[in-house]
Amino acid sequence: TLSMMGPLFVIVSVLTLSAISADRFRAIVMPMMPRMSKMVTKMVIVSIWTVAVLMCLPIAVFSEMFVIPLDNGTDSYNICVTMFFGDQYATSDLVFRVTQMLVTYVVPLVVMTIAYSIIGVNLWGNVIPGETSNRYQEQLVAKRKIVKMMVTVVVVF
C-alpha cells in the first residue's frame with residue numbers, strides 16, 4: 001500500500017489543479033452564475049479523492065516486493081513492482097498505464113488549456129467602457145499579468 005501513496009497524491013494534485021481551473025473559468029467567463037455551494041464543493045473534493053484511490057487501487061493490490069542481492073553477497077536492495085495476473089499481464093498493464101496517463105495528464109492538460117485559453121482571451125480582450133484613466137491602465141496591466149501567469153501554469157504542467 002505504501003507504493004500507491006506517491007501516485008495517489010500526484011493524481012489528487014492534478015485533479016485539484018483541473019478543478020481550480022474550471023472554477024476560475026466559471027468565475028471569470030460566467031461571473032453572473034452563482035458560486036458553487038459548500039455541498040457541491042465537498043462533492044468535488046470527495047470525487048477527486050475517490051477517482052485517485054480507484055486509480056491507485058491496482059498498485060496496492062498487484063504490487064510485489066522483490067529482494068535483489070548485490071554482487072558482494074552481503075548487501076541487497078528491495079524493489080517494488082506492479083505485477084498483473086496471468087497471461088493478461090501485458091494487456092492489463094497497458095490498459096492501466098494508458099488510463100493512468102489519460103486521467104493524470106491528457107484530460108487535465110486539455111481542461112486547463114481550454115479553460116485558461118478562454119479566460120486569457122476574455123481578460124486580454126475585454127475593454128472597460130468609458131474613458132481611459134490611470135486606473136484603467138493599471139487594471140489592464142494586472143489582467144495581462146494574470147494571463148501570463150495562467151500560461152505559465154499550463155506550460156509548467
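Computed from heavy atoms alone, side chains included, the values below leave out hydrogens, waters and symmetry copies. Residue numbers count from 1 along this sequence.
When all heavy atoms are compared, the tightest approach of Gln100 to Pro7 is NE2-CB, 4.2 Å. Closest approach of Val51 to Val103, counting heavy atoms only: CG1-CG1, 4.2 Å. Nearest heavy atom pair, residue Pro108 against residue Leu102, reads CD-O, 3.6 Å.
Residues that satisfy the side-chain contact (heavy atoms from CB on, under 4.5 Å) test with Ser47, not counting sequence neighbours, are absent from this structure. Residues satisfying the ring-ring contact (aromatic ring centres under 6.0 Å, His included) criterion with Phe96, sequence neighbours excluded, are Phe84. Remark: Phe66 pairs with no residue by the ring-ring contact (aromatic ring centres under 6.0 Å, His included) rule, at least two apart or across chains. Remark: Val67 pairs with Ser76, Asn78 by the side-chain contact (heavy atoms from CB on, under 4.5 Å) rule, at least two apart or across chains. The side-chain contact (heavy atoms from CB on, under 4.5 Å) test applied to Ile48 returns Val12, Leu15, Thr16, Ala19, Val44, not counting sequence neighbours.
Rounding to the nearest 0.5 angstrom, the gap separating the CG atom in Leu57 from the CG atom in Leu54 is 6.5 Å. The distance from atom OG of Ser21 to atom CG of Leu109, rounded to the nearest 0.5 Å, is 10.5 Å. Between the CD1 atom of Ile59 and the CG atom of Leu8 there is a distance of 9.0 Å, given to the nearest 0.5 Å. Ile28 contributes atom CD1, which lies 4.5 Å from atom CD1 of Ile119 (distance to the nearest 0.5 angstrom).
Taken together through direct or relayed side-chain contacts under 4.5 Å among Ile, Leu, Val, Met, Phe, Trp and Tyr, Met55 and Val95 form parts of separate hydrophobic clusters. Both Met30 and Met112 belong to a single network of hydrophobic side chains, linked directly or stepwise wherever heavy atoms of I, L, V, M, F, W or Y lie under 4.5 Å apart. If you chain together hydrophobic residues whose side chains sit under 4.5 Å apart, Met101 and Val110 fall into the same group. The hydrophobic cluster containing Trp49 also contains Ile11, counting ILVMFWY residues as joined when their side-chain heavy atoms lie under 4.5 angstrom apart, directly or transitively. Hydrophobic clustering, with ILVMFWY side chains joined whenever heavy atoms are under 4.5 angstrom apart, keeps Val107 apart from Ile20.
The ring pair (Phe, Tyr, Trp, His ring centres under 6.0 Å) analysis of residues 98-120, with sequence neighbours excluded, yields the pairs Tyr105-Phe157.
Residues Lys42 and Ser37 are not in side-chain contact: their nearest non-hydrogen atoms beyond the backbone lie 4.5 Å or more apart.
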Derivation of the side-chain contact (heavy atoms from CB on, under 4.5 Å) call for Met43 and Met39: CA-CA 6 Å; Met43 287 173 35; Met39 181 57 115; 4.2 Å; yes

task: Report the C-alpha separation of Met36 and Arg26 in whole Å, then their side-chain angles, then the decisive distance to 0.1 Å, and conclude whether the side-chain contact (heavy atoms from CB on, under 4.5 Å) test is met.
output: CA-CA 10 Å; Met36 283 194 304; Arg26 223 178 115 151; 3.8 Å; yes

